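Each ligand, and each atom within it, is numbered from 1 in the order the structure gives. Note that this is a predicted model, so its numbers are computed, not measured.
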Amino acid sequence: MTVNGGQLVAQALTSAGTKYIFGLHGGHIDPIFQACHDAGIGIIDTRHEQAAGHMADAWGRLTGKPGVAVVTAGPGVTDVVTAVANAYLDCVPMVVIGGRHPLEDDEMMPLQELHGVPLMHSITKWTRLVRDTSRIGEYVVAALHQATSGRPGPVFLEIPADVLAASTEESSVKPLSAAEAPARPRPSVEAVESVLAMLSAAERPVIMAGRGVWFAGAADELREFAELTATPVLANGITRGAVPEDTPLGIGGFLGAGRALAFGAPPDFVLMLGARYGLFTGGRQSIVPPSARVIQVDVEAEELGRGGRADLRIAADCREALRALTDAARSRAWPDRGAWIQNANSAANAARMMFSGALDPSRTTIHPYRVAAEVAGMTAERGVLSVDGGDTFVWAELALEARRPGRYLGHGYLGCLGIGLPFALAAKLAHPDEPSVLLTGDGSIGLNFTEFDTAVRHNLPVTVVINNDQAWGMCKHEQTVRLGADRVIATELGAVRYDKAAEAFGAHAEYVERAEDMRPAIERAMAAGRPACVNVMTDPDAISPAQQAMAAAGVGNH
Ligand SMILES: Cc1ncc(C[n+]2csc(CCOP(=O)(O)OP(=O)(O)O)c2C)c(N)n1
C-alpha cells in the first residue's frame with residue numbers, strides 16, 4: 001500500500017485532533033486539500049492568505065490548540081507573513097504549512113520559486129523544509145509540538161510540490177508518536193514563599209495578568225488566588241474577564257483601568273503573571289509605579305525583567321505558579337483589603353465616567369465610545385467580541401467590562417489592522433453556539449473586506465459593526481492634534497456604504513445615522529442568522545484619550 005504526501009499531512013493533523021485548516025488553494029498544495037477533505041478535516045478557504053493566517057491565529061488564541069494555515073508556494077507564503085508576525089509577537093500557537101516549488105527545480109526559475117524558510121525565520125519559533133515524503137508526518141507532529149511547547153508561537157513547515165505529491169510505501173513511514181502534553185515548569189518553594197510574604201506585607205497590591213495566564217489555562221486558578229488573598233486584578237487581552245470586571249476584584253484592562261490606577265491610586269506591589277513590559281503596560285509611561293515592588297512570573301525566562309524592573313523573577317508556568325501559590329496561601333491569614341479594593345474601583349470608574357457624556361441620549365452625532373459600550377454590553381454574557389481599528393480599539397478597551405475569559409480578541413503588539421473579520425470568523429467556528437461580533441474601524445474593515453464572501457460561503461453568521469468615522473481616524477486625529485487641521489493628509493476615506501458592499505456578498509445589511517436606531521439595528525443583525533454588516537456613521541471628530549496622550553507626548557501611532 002502506498003500513501004502520498006498530502007495523506008501523510010492529513011493523518012498527522014487528524015492524530016492531533018485538528019478540526020479545521022484555513023487556506024487558499026494552489027496547485028502546489030492540492031494534495032493537502034484533497035487528503036484533508038477525505039479525512040473529514042474542515043477546510044475553510046478564504047479570499048486572501050492573510051485572512052487564513054489570521055483565522056489560524058485566532059483559533060490558537062481561543063482554543064489554545066494550534067490553528068493550521070495551508071498556503072501555496074510563493075505569493076501564498078508572502079501573503080501570510082503579516083499574520084505569522086502577528087501571532088509571533090503575541091506568542092500564539094499556530095502552524096503554517098507552505099507550498100514550495102519542486103526540490104528538483106531549485107534554481108531553474110520555475111513558477112512561484114521562493115524560499116520560505118529564510119523568509120519566515122525571524123517571525124517563527126521554528127521553521128523547517130521537508131525533503132523526504134516518508135517523513136512528512138513526523139515533521140507535522142514536530143511542528144504541532146513546537147507551536148505549543150514552552151512559550152507558544154507560530155511555526156512554519158515548507159513542503160516542496162514534488163515531495164508532497166510523491167507516494168511512498170506505507171511500511172517506510174514511521175508510526176506517529178502520540179502528542180505529549182507540554183512540560184510545565186513549576187516555581188520553587190522558596191519563590192512561592194517570597195511571593196506570599198511580599199503580597200501579605202503590601203497595602204495596595206495588584207495582580208497584572210497578561211495573556212500568558214489564558215494560554216497557560218490558568219483563568220480559574222487566577223480567580224481563586226485573587227479571591228483567597230483579596231487581591232484586585234488588572235488583565236490584558238483575552239485574559240480579561242478571568243476575574244469578572246463587574247465584581248470588586250476585577251478592575252479592568254491594562255490600557256484603561258491600569259492607567260487610571262497608576263495615576264489615581266498607585267499600587268505598592270505588582271504581581272505580573274504572564275504579562276510583559278511593553279505597549280500594554282504603557283511603554284515609557286509605565287503603569288507599573290516606580291515605587292512599587294514587582295514580581296514577574298513568566299514561562300519564558302528571557303522575558304523576566306525585559307523592558308522594566310522585576311525585584312523577583314520566577315520562570316514558571318502561570319497555572320503551576322498559581323496552584324502552588326493558592327495551596328500555600330490557604331494556611332495564611334489574609335488582611336482585609338476592603339478600603340484598597342474600593343479605592344482601586346473608584347479610580348477605574350473615574351476613568352470610565354470621563355466618557356459619560358458620550359452616552360448622553362440627547363447627543364445628535366453618535367460617539368464611537370457609545371458604539372463600543374453598546375456592542376460590549378450586548379456580548380458581555382454571551383458572545384465573543386473581536387475588535388479592530390485604531391481609536392476604535394481604544395474605545396473598546398475602555399468600554400469593555402469583561403465577565404468571562406477567552407471571549408475578547410483585540411490587537412496585540414503588532415497593532416495589525418485587518419485582523420477583525422478573520423478573527424470574528426474563527427471565533428464563530430470555535431464557539432458556534434455563541435454570537436460572534438466584530439467592532440471595527442471603517443479603515444480596518446477594508447483590509448480584509450472580501451472575507452464577507454468567506455462568511456457567506458461557509459455560513460458563518462458573524463455581526464460586523466463598523467465605527468464609520470470616514471477616516472483612518474487615529475492617524476487623522478494625530479495629524480490634527482500635532483500638526484493642525486490643515487495637515488490632514490492621506491487619512492480621509494469618505495462616507496463609504498460598507499453595508500451595501502457587504503450586501504453584495506450576500507450579507508444582511510443595516511445603515512445607521514441616528515443613535516436611537518443603533519441598538520435595534522445591531523439586534524436585527526445578530527438575529528439575522530447570516531453574516532451581517534451594521535454601518536454606523538459616527539462623529540468624525542471624537543478623539544480617543546490614548547491618541548490625545550500619544551500626540552501630546554510626540555509619539556507617532558503604529
Ligand atoms: C496594517 C496596518 N496599516 C497601517 C497601520 C497604521 N494605523 C494605525 S491606526 C490607523 C487608523 C485606523 O483607522 P480605522 O480602522 O478607521 O479606525 P479608527 O482609528 O478610525 O477607529 C492606521 C492606518 C496599522 N497599524 N496597521
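Side-chain N or O atoms of N467 include none that pairs as donor or acceptor with a backbone N or O of G441 at under 3.5 Å. The backbone N or O of A471 lies less than 3.5 Å from a partner atom in the side chain of D469, making a donor-acceptor pair. A donor-acceptor pair under 3.5 Å links the side-chain atoms of K428 to the main chain of E434, judged by distance alone.
Atoms of ligand 1 found under 4.0 Å from any heavy atom of D469, numbered from 1 in the order shown, are 20 (O). Every atom of ligand 1 is numbered from 1 in the order shown, and the set under 4.0 Å from a heavy atom of G441 is 14 (P), 15 (O), 16 (O), 17 (O). Residue D391 has at least one heavy-atom neighbour below 4.0 Å for each of these atoms of ligand 1: 18 (P), 19 (O), 21 (O).
Salt bridge annotation for R457-D45: present, with a cationic side-chain nitrogen under 4.0 angstrom from a carboxylate oxygen.
Nearest residue to atom 21 (O) of ligand 1 from T392, N467, T82 is T392 (criterion: closest heavy atom). For atom 4 (C) of ligand 1, the choice among V387, L417, I419 with the nearest heavy atom turns out to be L417. Nearest-residue assignment for atom 10 (C) of ligand 1 (options C475, G390, A372; heavy-atom criterion): C475.
Residue contacts with ligand 1 do not include G418, since none of its heavy atoms lies under 4.0 Å from the ligand.
Annotation: salt bridge (Lys or Arg N to Asp or Glu O under 4.0 Å) contacts of E245 (sequence neighbours excluded): R240. With sequence neighbours excluded, no residue forms a side-chain hydrogen bond (donor to acceptor under 3.5 Å, both in side chains) with E300.
For the pair R211 and F280, the cation sits on the ring face: its NZ or CZ lies under 6.0 Å from the ring centre, inside 45° of the axis.
Considering backbone and side-chain atoms together, A471 places an N or O closer than 3.5 Å to an N or O of ligand 1. Residue L447 has no nitrogen or oxygen atom sitting less than 3.5 Å from a nitrogen or oxygen atom of ligand 1, judged on distance alone.
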